[in-house]
2 protein chains.
Amino acid sequence: MKRDSRLSITLHALLHMAERQIITSDELAACLSTNPVVVRRTMAGLREAGLVRSEKGHGGGWSLARDLATVSLADVHEALGEAAFFAIGNRTESPGCLVEQAVNAAMDGALRDAEALLLERLRGISLADLSEDFQRRMALRHQNMKESNYGG
Amino acid sequence: MKRDSRLSITLHALLHMAERQIITSDELAACLSTNPVVVRRTMAGLREAGLVRSEKGHGGGWSLARDLATVSLADVHEALGEAAFFAIGNRTESPGCLVEQAVNAAMDGALRDAEALLLERLRGISLADLSEDFQRRMALRHQNMKESNYGG
DNA sequence: CATCATGTAACACGATAAGTTACATGAAAC
DNA sequence: GTTTCATGTAACTTATCGTGTTACATGATG
């Protein structure tokens, strides 16, 4: 487990959900090459945040609760519990040592700036943007397949 | 172990080193509230990068090999092996799924920008800057102690 | 009521930073 | 040259956390 990929996994799941209207945890797990329990566990926060709905029983599964255009990647990150962005950080939060205080102040400043930029970027991308990009890639693939058919 | 604090630890150690000319792993470990072996292990990369020197035997220990002003926090990070900055990331690096490709592209873009900013910030701070900040804090503390003596 | 799907707890696994012990290597002091 | 001090490094342990997996409860549909 190198990095926390829950945001990545969740976005992947949400886009598949958008393509299917409703989709079960098992189907999503197959799409994501993971386990249905992981899907449910990860998606729990999104349900609480009102981003998705879940239905039990026959014909049940997951569906989107909001328009793709109104949900940013930052919203998804927040719904997941605002996991830490950075793998690096200070050793002690409020050290008595003045040297360490100076180090922490510098590190915190740099990390704060980087985090602000990252959040700004995530806020600027909506699920609709991702879906559009996906559609573009799909159109491109079909075009390439056609060309290769004509060529061969 | 929540986060990788090697950069923080190392900067702390380097500033103490600057105050002392030469200092042993045991003394550093005491300053940092850690283990001398951790100090040696962490500092190994800095020695290879030519940022510090180490001497064995009587009167031995660690000393700075370069002027504080010529070493940036990015240099230290690099000497430590360029540990990953981010705790989040994509699940698969080169997925076949077009949905995941779209997700990855968006995430990579945001992370790349944030990493670039972070590196720029780290490049912009030298060990001399940290040392200055430390001196400022120390002067301030002495001033406050004086004031509280006069007051009481 | 049988089936299907989510909800959740409980446990195992893998990776990694950090702490610790043990011992080898080398330099200075006596 | 032997003792002492300090680094160099391997090996093992611990703690944490994302992820995978099993098992079972809950609830909805037919």
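Below, chains carry the letters A, B, ... as their sequence lines are ordered, and counting in each starts from 1.
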Check against ring-ring contact (aromatic ring centres under 6.0 Å, His included), B/Phe86 and A/Phe86: CA-CA 4 Å; B/Phe86 293 105; A/Phe86 294 104; 5.4 Å; yes
Side-chain ([X]) to main-chain ([Y]) donor-acceptor, under 3.5 angstrom:
X	Y	value
A/Arg121	B/Ala114	no
A/Ser5	A/Ser8	no
B/Arg91	A/His12	no

What's the [atom1]-[atom2] distance between [X] and [N], to the nearest Å?
X	N	atom1	atom2	result
A/Glu55	D/dT26	CD	C1'	14 Å
A/His58	C/dC4	NE2	C1'	5 Å
A/Arg3	D/dT16	CZ	C1'	18 Å
B/Arg53	D/dG8	CZ	P	14 Å
A/Asp4	C/dA17	CG	C1'	17 Å
A/Ile9	D/dC17	CD1	P	18 Å
B/Glu48	D/dT9	CD	C1'	12 Å

For B/Arg47, answer base if it contacts any base atom (sugar-phosphate contacts may also be present), sugar-phosphate if it contacts only those atoms, and nothing otherwise; contact means non-hydrogen atoms under 4.0 Å.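 Answer is sugar-phosphate: B/Arg47 comes under 4.0 Å of backbone atoms only.
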Tell me what A/Gly61 touches on the nucleic acid: a base, only sugar-phosphate, or nothing, going by heavy atoms under 4.0 Å. sugar-phosphate
So if I take every side-chain heavy atom of A/Arg41 and compare against C/dA27, C/dT20, D/dT19, which nucleotide ends up nearest?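 Of all the options, the side chain of A/Arg41 is nearest to D/dT19.
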Are more than 12 heavy atoms from other residues, nucleotides or ligands located less than 6.0 Å from atom CD of B/Glu27? yes
Of B/Arg40 and A/Trp62, whose nearest nucleotide on DNA chain C comes first from the 5' end?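 On the 5' side of the pair lies A/Trp62.
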Using a cut-off of less than 4.0 Å, is there contact between a side-chain N or O of A/Ser54 and OP1 or OP2 of C/dG7? yes
Should A/Ser5 be listed as having a side-chain N or O under 4.0 Å from OP1 or OP2 of D/dG18?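 Answer no for this pair, as no side-chain N or O of A/Ser5 is under 4.0 Å from OP1 or OP2.
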Report yes or no: do A/Ser25 and A/Trp62 form a side-chain donor-acceptor pair below 3.5 Å?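 Their side chains do contain a donor-acceptor pair, which is all the 3.5 Å distance test asks for.
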Establish, from distance only, whether the side-chain atoms of A/Asp67 and A/Thr70 form a donor-acceptor pair under 3.5 Å. no
I want to check something: taking the side chain as every heavy atom from C-beta on, are A/Asp133 and A/Arg136 in contact at a cut-off of under 4.5 Å? yes
Please report the shortest heavy-atom distance between B/Gly96 and B/Gln101, naming the atom on each side. O-NE2, 3.5 Å
Does A/Thr42 or A/Gly59 map to a spot on DNA chain D nearer the 5' end, using the closest nucleotide for each?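 Nearer the 5' end of the strand: A/Thr42.
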So, with a heavy-atom separation below 4.0 Å from DNA chain D, the residues of residues 85-102 of chain B are B/Arg91
Residues in contact with DNA chain D, drawn from residues 21-37 of chain A - heavy-atom cutoff 4.0 Å: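 A/Thr34, A/Asn35, A/Val37, in order of number.
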